[in-house]
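So the structure is just underneath, and the comments pick up after that.
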Amino acid sequence: MKGRKLLMIPGPIEFEPDVLQALGAPTDSHVSADFIEIFGNSLELMRTVWQSPTGQPFIMAGSGTLAMDMAAVNLIEPNDNVLIISTGYFGERYANICKRYGANVTILTTEVGDTVSLNTIEEELSSKKYKLLTITHVDTSTSVLVDPEPIAKLAKKYDTLSILDGVCSVAGEEIKQDKWGIDVVFTASQKAIGVPPGLALLMVSEKAMNVFKNRKTLVQNYYADFTNWLPIMEAYENRNPSYFGTPSVNLISALEVSLQYIVSEGIENRFLRHKQIATAFREAMLALGLQLLPFQKDISANTLTAIYYPENIDGGTFLKHIGNNDIILAGGLLPSHKTQYFRVGHMGSVNNNDTLATISAIESSLIACNYAFETGIGVKTALKILNS
Ligand code: PMP
């Protein structure tokens with residue numbers, strides 16, 4: 001008995017022991033020479049992971065929603081037009097955030113499990129002047145993956161800032177922030193970045209920082225105002241002590257360790273590993289006769305998979321069996337479909353064994369729910385892909 005279950009939800013995830021050790025170390029002063037080095041190094045490592053040598057990184061105490069909030073409140077002024085490209089729950093959330101700061105919000109959306117076409121986006125961008133648009137790279141509620149590159153290109157064409165919600169994608173799905181010309185890319189620590197919940201991480205382009213610096217109105221949130229935090233990030237990066245609000249010393253120490261893991265794996269290798277595990281997992285589910293959300297493989301996320309329960313199987317009972325198999329999976333999130341599907345996270349330091357153990361637990365639970373299939377076919381299908 002290990003006494004613990006394998007956490008395979010789409011964040012928080014399983015963390016590396018060294019990361020947890022850094023989190024549990026005695027807390028240092030936030031202005032000690034050692035911690036200044038850790039903070040400064042973490043900011044620099046972020047540029048490598050985001051592939052944004054020219055970006056301005058921010059490391060904030062808070063969850064992913066703070067990152068969403070911070071990008072919005074610093075760039076939006078009352079009556080700005082904002083375009084939300086929504087593929088699920090988190091697109092809707094972004095619309096609410098932008099409305100709160102006085103933006104005129106237009107939401108483009110489609111049927112559940114699909115993406116908004118580039119034509120529709122261009123039509124909307126050409127209809128009026130938009131200050132910014134937002135893209136959810138992977139909407140964790142639908143598992144839909146959006147290709148941000150052509151949308152960022154369109155945004156540039158219409159002189160609109162682009163914000164990428166990368167909470168469920170940074171360090172798991174390919175992102176080349178500078179090359180693709182995305183103005184803000186943010187995430188939260190508990191996802192593919194591989195650190196327990198509590199940090200909001202943003203990378204902001206020079207162009208977006210200039211838009212912020214030329215604001216005519218005050219930022220409508222004291223804590224989230226870049227004015228307060230830009231000098232702090234610059235000071236730490238220049239290895240100088242500074243203070244505005246006490247940083248999360250232990251979480252940032254853990255972040256440095258995790259970013260070092262990511263960089264030493266190699267960001268391209270990491271994307272490939274995520275892709276291979278996601279493909280193996282998805283194909284295993286299909287071999288079991290299960291239906292996936294989204295239906296199309298080319299817009300399926302590599303960081304998580306959403307799976308419909310088979311007909312006549314109660315989700316609660318199924319997930320209870322999964323728990324009895326020492327695995328934790330997540331239920332549905334999209335309000336309209338919540339009880340119809342479950343979600344499996346496979347990001348960060350996830351390995352082949354975690355993947356196979358999860359597929360095996362799904363098979364056992366399906367058997368317990370009297371679902372008919374060829375026992376072992378899921379594991380066999382995944383093994384073939386993982387060994388290829
Ligand atoms: N955006 C996306 C795509 C997410 O998956 C999440 C969290 N699941 C958030 C934003 C919000 O992050 P948090 O829960 O850390 O506030």
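When a ligand or atom number is given, it counts from 1 through the structure's own listing order.
- The contact set between ligand 1 and V138, taken as ligand atoms under 4.0 Å from a residue heavy atom, comprises 3 (C).
- Contact annotation: D139 has no heavy atom less than 4.0 Å from any atom of ligand 1.
- The distance from ligand 1 to the heavy atoms of M68 drops below 4.0 Å at these ligand atoms: 10 (C).
- By the 3.5 Å distance cut-off applied to N or O atoms, T136 is not counted among the residues near ligand 1.
- Between F35 and H30, the distance separating the two ring centers is not shorter than 6.0 angstrom.
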Result block: side-chain N/O donor-acceptor pairs under 3.5 angstrom for residues 368-384, not counting sequence neighbours:
{"from": "Y371", "atom 1": "OH", "to": "L288", "atom 2": "O", "distance (Å)": "2.6"}
{"from": "Y371", "atom 1": "OH", "to": "G289", "atom 2": "O", "distance (Å)": "3.4"}
{"from": "T381", "atom 1": "OG1", "to": "I377", "atom 2": "O", "distance (Å)": "2.6"}

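- The backbone N or O of T136 lies less than 3.5 Å from no partner atom in the side chain of D165, so there is not a single donor-acceptor pair.
- At least one N or O atom of Q190, backbone or side chain, sits closer than 3.5 Å to an N or O atom of ligand 1.
- The protein non-hydrogen atom at the shortest distance from atom 11 (C) of ligand 1 is T65 OG1, 3.5 Å.
- Using a 4.0 Å cut-off to heavy atoms of S63, the atoms of ligand 1 that qualify are 13 (P), 15 (O), 16 (O).
- Atom 1 (N) of ligand 1 has its closest protein heavy atom at D165 OD2, 2.7 Å.
- Counted by atom type alone, D225 and T227 present one or more donor-acceptor pairs between their side chains at under 3.5 Å.
- Atom 5 (O) of ligand 1 has its closest protein heavy atom at T140 OG1, 2.3 Å.
- Between F90 and Y94, the distance separating the two ring centers is not shorter than 6.0 angstrom.
- Counted by atom type alone, T355 and H346 present zero donor-acceptor pairs between their side chains at under 3.5 Å.
- Taking atom 13 (P) of ligand 1 as the reference point, the nearest protein heavy-atom neighbour is G64 N, 3.4 Å.
- Counting heavy atoms from C-beta outward, T48 and I262 have side chains that stay 4.5 Å or more apart.
- For atom 9 (C) of ligand 1, the nearest non-hydrogen atom of the protein is F90 CE2, 3.3 Å.
- Taking a cut-off of under 4.0 Å to the non-hydrogen atoms of K191, the atoms of ligand 1 that pass are 5 (O), 7 (C), 8 (N).
- A donor-acceptor pair under 3.5 Å links the side-chain atoms of S364 to the main chain of S360, judged by distance alone.
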